[in-house]
Amino acid sequence: MDKKLIFGHKNPDTDTICSAIAYADLKTQLGENVEAVRLGAVSGETQFALDKFGFDAPRLVETVANEVKGVILVDHNERQQSVSDIEQVQVLEVIDHHRIANFETSGPLYYRAEPVGCTATILLKLYKENGKSVPKNVAGLMLSAIVSDSLLFKSPTCTAQDVAAAKELAEIAGVDAESYGLDMLKAGADLSDKTIAQLISLDSKEFTMGGSKVEIAQVNAVDVNDVLSRQAEVEAALSQIITDKGLDLFLFVVTDILNNDSVGLALGKKANAVEKAYNVTLSNNTAVLKGVVSRKSQIVPVLTDTFNQM
């Protein structure tokens with residue numbers, strides 16, 4: 001049986017890493033030859049979850065066509081967010097909860113996309129549909145994914161299905177979702193030891209919006225000034241990335257996990273798109289985005305609509 005690799009997007013977040021591990025477990029239980037791998041560094045938040053539930057980080061890969069013929073994507077579908085040689089392998093499955101864009105295949109595949117807050121919520125359904133039990137430690141990782149993507153159930157992307165799944169997984173894992181979740185988010189929001197390069201790449205994704213090239217990075221913080229105090233250095237790094245990649249906009253979002261607001265730092269020739277999208281005025285290249293915490297539901301679709309009208 002040919003081996004298949006399972007992985008999420010570049011600059012992986014907790015859902016990407018934990019869902020790859022969880023789906024690999026389910027597939028292994030079903031007798032398939034699979035391995036969970038990752039396309040980037042593990043964040044502090046994700047490492048906290050891995051340590052808590054006794055997992056090593058998946059193996060880091062740069063390419064996949066040199067290893068396998070077929071792959072399974074979790075937590076993403078857009079090709080610019082995936083492995084660099086994605087065109088050289090067959091995408092056999094996708095399990096995702098994002099928009100579908102820049103994606104096509106030459107053959108049929110299993111595609112599961114649901115409008116829920118986290119890939120792990122869908123995976124819990126797949127365990128049940130296949131008559132398999134979620135191991136205790138895997139349940140902990142899946143809970144971690146939901147907590148991360150939902151900002152402990154406060155994000156507008158969080159659905160009743162996510163809350164119910166988290167409750168069930170917490171019971172299996174033997175932890176209290178609220179107390180564990182807050183500890184995990186705080187671990188991820190500790191940015192004191194991060195370099196500028198790490199800050200802007202911890203959770204960064206590229207998008208095509210109305211013909212424009214856009215990159216959006218997001219970090220969570222307990223105090224946004226921990227990041228904004230380094231604004232000059234951040235801007236220098238972002239400007240270089242804009243030049244290197246030919247971006248029209250780089251939006252760096254610092255989310256306050258306690259107050260559920262964000263500060264957006266926008267650079268690029270189309271930075272004014274942020275002003276139009278949120279009816280704000282950039283001052284020193286920044287603006288407060290009240291109530292904005294979700295890139296998936298409150299940033300990407302809003303900016304996409306704005307670019308389509310520009």
Side-chain angles (χ1 to χ4, degrees), residues 8-16 43 45 75-78 80-81 96-102 113 115-119 148-159 162 185 188-189 199-221 224 227-228 234-235 238 241-242 245 247-257 259-283 285-310:
H9 54 75
K10 296 175 183 176
N11 303 316
D13 58 12
T14 299
D15 186 22
T16 276
S43 70
E45 177 188 279
D75 199 33
H76 77 298
N77 66 81
E78 298 188 50
Q80 72 274 14
Q81 297 175 9
D96 194 18
H97 67 124
H98 295 92
R99 73 175 191 174
I100 301 172
N102 305 317
V116 292
C118 182
T119 308
S148 176
D149 268 13
S150 70
L151 272 182
L152 200 53
F153 318 124
K154 294 178 181 176
S155 171
T157 63
C158 185
T159 68
D162 298 296
L185 290 178
L199 277 179
I200 61 179
S201 64
L202 279 172
D203 187 5
S204 187
K205 293 182 179 181
E206 293 182 41
F207 302 89
T208 299
M209 298 180 178
S212 296
K213 292 184 65 176
V214 178
E215 186 160 344
I216 304 171
Q218 185 175 23
V219 295
N220 293 335
V224 297
V227 178
L228 296 180
V234 171
E235 288 192 5
L238 297 186
I241 293 173
I242 289 170
K245 294 185 177 182
L247 299 176
D248 296 293
L249 168 66
F250 197 124
L251 177 59
F252 181 58
V253 180
V254 186
T255 298
D256 185 327
I257 64 171
N259 295 323
N260 296 318
D261 292 326
S262 294
V263 174
L265 170 58
L267 292 180
K269 61 185 179 183
K270 295 188 178 179
N272 65 317
V274 175
E275 295 183 314
K276 292 181 179 180
Y278 295 99
N279 193 27
V280 295
T281 300
L282 291 170
S283 176
N285 300 320
T286 67
V288 175
L289 307 178
K290 295 292 293 182
V292 173
V293 297
S294 170
R295 176 172 53 198
K296 184 180 76 170
S297 71
Q298 295 176 299
I299 299 176
V300 173
V302 176
L303 276 179
T304 299
D305 288 345
T306 300
F307 273 105
N308 286 338
Q309 296 168 13
M310 291 177 67

For Ser43 and Thr14, which heavy atoms make the closest approach, and how far apart are they?
OG-OG1, 4.4 Å
Just verifying a value: how many Å separate Phe250 CZ and Asn285 CG, rounded to the nearest 0.5 Å?
13.5 Å
Side chain to side chain contact (heavy atoms under 4.5 Å, CB included) between Thr255 and Asn260, intermediate numbers included
CA-CA 7 Å; Thr255 298; Asn260 296 318; over 6 Å; no
Keeping Thr286 on the side-chain end and Leu282 on the backbone end, is there a donor-acceptor pair under 3.5 Å?
no
I need the minimum non-hydrogen distance between Ile257 and Ala189, along with the two atoms involved.
CD1-CB, 4.0 Å
Side chain to side chain contact (heavy atoms under 4.5 Å, CB included) between Ser204 and Asn11, intermediate numbers included
CA-CA 6 Å; Ser204 187; Asn11 303 316; 3.7 Å; yes
Do Ile200 and Ile241 have side-chain heavy atoms sitting under 4.5 Å apart?
yes
From Asp75 CG over to His97 NE2, what is the distance, rounded to the nearest 0.5 angstrom?
4.5 Å
Could you check whether any side-chain heavy atom of Ser148 comes within less than 4.5 Å of a side-chain heavy atom of Asp15, counting everything from C-beta outward?
no
Interatomic distance, Ser262 atom OG to Asp256 atom CG [nearest 0.5 angstrom]:
8.0 Å
To check you understand the geometry: which heavy-atom pair defines the closest contact between Pro115 and Thr159, and what is its length?
O-CG2, 3.7 Å
Residues Met310 and Ala273: closest non-hydrogen pair is SD-CB, 3.7 Å
By the salt bridge (Lys or Arg N to Asp or Glu O under 4.0 Å) test, which pairs, at least two apart or in different chains, include something from residues 263-273?
Asp248-Lys269
State, with a plain yes or no, whether a side-chain heavy atom of Phe252 is found less than 4.5 Å away from one of Val219.
yes
At their closest point, which heavy atom of Pro156 faces which heavy atom of Val293, and how far apart are they?
CD-CG2, 3.6 Å
Tell me the closest heavy-atom pair linking Leu249 and Ala271, and the distance in Å.
CD1-CA, 3.8 Å
Would you please test Glu206 and Val214 for side chain to side chain contact (heavy atoms under 4.5 Å, CB included) and show each step?
CA-CA 6 Å; Glu206 293 182 41; Val214 178; over 6 Å; no
Kindly indicate whether the side chain of Val253, heavy atoms from C-beta on, has any atom under 4.5 Å from the side chain of Val263.
no
Determine, for Glu78 against Arg99, whether the closest basic-nitrogen to carboxylate-oxygen distance falls under 4.0 angstrom.
yes
In Å, rounded to the nearest 0.5 Å, how long is the span from CD of Glu235 to CG of Leu267?
5.0 Å
From CD (Gln80) to CG (Asn102), nearest 0.5 Å:
4.5 Å
Can you find a pair of side-chain heavy atoms, one from Leu238 and one from Leu265, that are under 4.5 Å apart?
yes
Could Lys245 and Glu215 be called an ion pair, given the rule that one side-chain N must be under 4.0 Å from one carboxylate O?
yes
Mind checking whether Asp96 and His9 have side chains closer than 4.5 Å, heavy atoms only?
no
Salt bridge (Lys or Arg N to Asp or Glu O under 4.0 Å) contacts in which one or both residues fall within residues 289-310, not counting sequence neighbours
Asp203-Arg295, Asp261-Lys290
Donor-acceptor contact present, side-chain Asp162 to main-chain Gly117, <3.5 Å:
yes
Determine, step by step, whether Thr157 and Asp149 satisfy the side chain to side chain contact (heavy atoms under 4.5 Å, CB included) criterion, reporting the C-alpha distance in whole Å, the side-chain angles of both residues, the deciding distance to 0.1 Å, and the verdict.
CA-CA 8 Å; Thr157 63; Asp149 268 13; 5.7 Å; no
Between Thr304 and Val300 (side chain of the first, backbone of the second, donor and acceptor by atom type, cut-off under 3.5 Å), is there such a pair?
yes
